[in-house]
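In this chain, numbering begins with 1 at the start of the sequence shown. We count ligands from 1, going down the list as the structure has it; atoms in each ligand are counted the same way.
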Amino acid sequence: MASISFQPRSLSVVQVGQYLAGLTAVCILTVVVYRLHFHPISKYPGPKLWAATALPSAYYAIVGAKASKMSELHNQYGPIVRVGPYELSYVSEVAERDIYSSHRASGGKQLGKYKFTPPSRIGGIFNNPNDADHSRLRKILGVAFSDKAVREREPFLQDYTTLFIKRLKEQPVGKPIDMTWWLGCIGFDTVAHLTFGDSFHALQTTTLPEIASQNHDLLVTSARRAALGPFFLGRQLYKCFGEPPSFPIRRKIFAGLFEGHEARRNAGKKGENEVEDLVSIMSKKIGSQKGLSQGEMAVVSNDLNIAGSDTSASALSAMIYHLLQNPSKLQILTKEIRSSFKTEEEIKGPAINNLKYLNAVINESMRLSHPAPETTRRITNPGGNTICGDHIPGDIRVGVYRYAAGHYAPAWKDVEFFVPERWLGDKEYEGDNLGLVNPFAIGPRNCIGQIFAMVYMRLVLGRLFWNFDLELCVESKNWLDMKMYSLIIDKAPLFVKLKSVR
Ligand code: HEM
């Protein structure tokens with residue numbers, strides 16, 4: 001009988017490549033089929049490609065178009081959309097509470113803050129991965145952000161606003177001026193003063209501080225890095241690039257601010273309208289029980305600068321733009337401001353806090369043009385969480401996209417129109433879902449600076465429209481056509497003409 005021998009067949013390189021390619025294709029197909037049909041969040045609507053891979057989401061984030069794309073997806077698919085293999089986006093008041101609140105009342109645990117960038121060695125306040133550390137730092141800062149504390153700080157806000165108005169009055173009549181630039185100057189000055197007790201002197205020297213462009217680059221880079229984070233290759237890429245080039249420059253700027261603070265303290269110098277700045281408040285707590293470290297103080301100061309300066313400048317720029325595009329609304333606001341006070345000195349808290357139309361303008365503008373247009377995502381706890389009555393498994397990224405919530409057609413009549421009246425009980429707009437707009441977020445990680453921001457924005461708008469008639473220049477008619485990256489809008493100059501009326 002003939003014997004059969006099995007000779008191991010040697011494979012050519014091409015054949016090995018073909019087998020490997022085949023195997024990879026089978027693996028990818030299995031993952032895709034699992035994600036599309038068997039994953040616990042596969043029942044949620046959304047584009048199939050987005051459910052299969054995080055690539056589309058990353059693409060839109062990198063090119064600065066994610067906020068508007070999310071709005072488009074919600075308007076197409078409804079209030080809950082699956083926007084990644086492991087990600088759900090919501091535009092819902094209930095979801096906002098389920099995702100961002102402390103869950104203390106029900107004995108639950110708050111959802112963690114999701115951030116796909118390498119954890120920094122020292123956590124600050126904004127992205128601190130540890131809830132206990134976050135709440136320790138937040139308690140220390142809290143003393144400067146209460147109603148009473150902000151009232152005490154209003155005099156220095158008034159000083160900067162006075163200088164801001166003075167500078168605007170110095171501009172040649174009829175010459176287009178860039179409001180975003182001037183609002184950047186006052187925004188960076190006031191938050192630096194709040195933090196360090198001294199500003200960048202941007203208004204004094206009419207020079208936008210270098211930190212403004214540094215912050216812009218940092219936020220755009222961070223948004224892009226975070227978009228690449230879910231991918232192995234993406235993570236390797238940003239490891240190769242190391243820290244963004246702006247980091248050493250930032251460190252130098254902040255070292256200078258701390259040195260200046262120290263020198264003023266040693267010299268016992270106090271400025272006019274001086275209240276305790278945040279660095280002084282934090283310094284007292286260094287090394288104490290429940291206090292903080294020198295390193296944490298540095299990171300927190302940096303966080304305050306990023307979270308406070310550009311957000312207010314962007315929000316105010318958008319408010320001015322919407323008003324100038326809607327002359328009838330501008331007229332109502334101007335009348336309210338000019339008829340509520342006899343002199344400019346009267347424009348202050350608490351009187352200005354009660355201007356109803358002004359508050360409605362601020363709300364409406366933040367609905368349409370939130371300065372941090374994407375979301376601050378959270379991640380569900382290991383055992384999962386209930387969101388909008390549904391159990392969502394653990395390790396799922398969830399968030400409310402602020403731009404998408406403000407532009408969600410089923411929630412708003414005349415969704416794309418600037419209508420402050422919807423915030424004032426106008427019958428025509430009674431079906432609007434006002435609770436969808438929470439510009440400062442809710443819960444234990446909401447905006448600590450919100451009272452400060454509101455007082456500041458009311459003062460700037462109040463005194464600006466008290467002093468000037470404004471006209472939008474033609475080159476800024478399409479100012480809203482801009483890129484939006486995660487927590488920053490890439491704003492172009494907002495050219496306006498000013499006519500002083502005082
Ligand atoms: C129009 C102006 C502003 C808007 C729309 C805004 C919005 C927000 C939002 C939505 C968050 C929550 C982020 C999250 O969910 O994790 C936040 C956090 C924060 N904001 Fe603001 N903000 C503004 C102005 C300010 C100002 C003026 C300051 C400080 C002077 C400030 C300081 C902070 C800080 C430190 C956090 C982190 C809080 C924490 O994690 O506990 N913000 N802001």
Side-chain angles (χ1 to χ4, degrees), residues 96-97 99-102 110-115 123-142 144-146 149-150 153 156-157 160 183 186-196 199 215 219 277-279 281-282 296-297 299-319 359 361-363 365-379 398-403 405-406 437-461 486-489:
E96 177 105 32
R97 278 198 301 276
I99 294 171
Y100 295 98
S101 64
S102 71
Q110 72 191 62
L111 277 73
K113 191 149 186 178
Y114 176 78
K115 191 146 197 298
I125 184 160
F126 194 75
N127 272 325
N128 201 311
N130 181 303
D131 291 337
D133 286 340
H134 168 263
S135 108
R136 172 174 51 81
L137 295 171
R138 187 150 169 138
K139 269 196 196 108
I140 297 170
L141 291 182
F145 286 107
S146 66
V150 173
R153 283 156 179 78
F156 86 69
L157 285 178
Y160 283 99
L183 290 165
I186 182 171
F188 279 92
D189 269 357
T190 48
V191 176
H193 190 110
L194 173 77
T195 313
F196 291 94
S199 74
N215 280 2
L219 286 169
D277 58 77
L278 284 160
V279 169
I281 292 172
M282 289 189 277
E296 283 177 324
M297 181 168 78
V299 183
V300 168
S301 309
N302 183 54
D303 283 357
L304 283 160
N305 172 275
I306 294 182
S309 316
D310 194 65
T311 37
S312 327
S314 298
L316 281 166
S317 302
M319 286 163 203
N359 286 328
V361 161
I362 293 176
N363 279 335
S365 181
M366 296 238 249
R367 174 183 77 84
L368 285 169
S369 307
H370 193 280
E374 287 190 18
T375 185
T376 39
R377 280 178 291 182
R378 302 293 192 257
I379 186 147
V398 287
V400 174
Y401 276 74
R402 306 202 180 281
Y403 182 90
V437 169
N438 294 291
F440 298 103
I442 61 161
R445 287 184 186 245
N446 72 351
C447 180
I448 197 172
Q450 61 184 290
I451 301 175
F452 181 88
M454 284 301 288
V455 167
Y456 166 67
M457 293 192 296
R458 287 187 197 112
L459 284 183
V460 171
L461 286 182
S486 185
L487 301 177
I488 188 168
I489 57 171

Minimum heavy-atom separation for P129 and R445, please, with both atom names. C-NH2, 4.3 Å
Taking the side chain as everything from C-beta on, heavy atoms only, tell me whether L157 gets closer than 4.5 Å to T190. yes
Which N/O atoms of ligand 1 sit under 3.5 Å from a protein N/O, and at what distances?
| residue | atom | partner | partner atom | Å |
| --- | --- | --- | --- | --- |
| ligand 1 | 15 (O) | T376 | OG1 | 2.7 |
| ligand 1 | 15 (O) | R378 | NH2 | 3.2 |
| ligand 1 | 16 (O) | K113 | NZ | 2.6 |
| ligand 1 | 16 (O) | R378 | NH1 | 3.4 |
| ligand 1 | 16 (O) | R378 | NH2 | 3.3 |
| ligand 1 | 40 (O) | I125 | O | 3.3 |
| ligand 1 | 40 (O) | H134 | NE2 | 3.2 |
| ligand 1 | 41 (O) | H134 | NE2 | 2.5 |
| ligand 1 | 41 (O) | R138 | NH1 | 2.7 |
| ligand 1 | 42 (N) | A307 | O | 3.4 |

One should read off an interatomic distance between E96 CD and R402 CZ, to the nearest 0.5 angstrom, of 5.0 Å
OH (Y456) and CD1 (I186) are apart, to the nearest 0.5 Å, by 4.0 Å
Spacing of CG belonging to L304 relative to CG belonging to L278, to within rounding of 0.5 Å: 6.0 Å
Side-chain (R367) to main-chain (G406) donor-acceptor, under 3.5 angstrom: yes
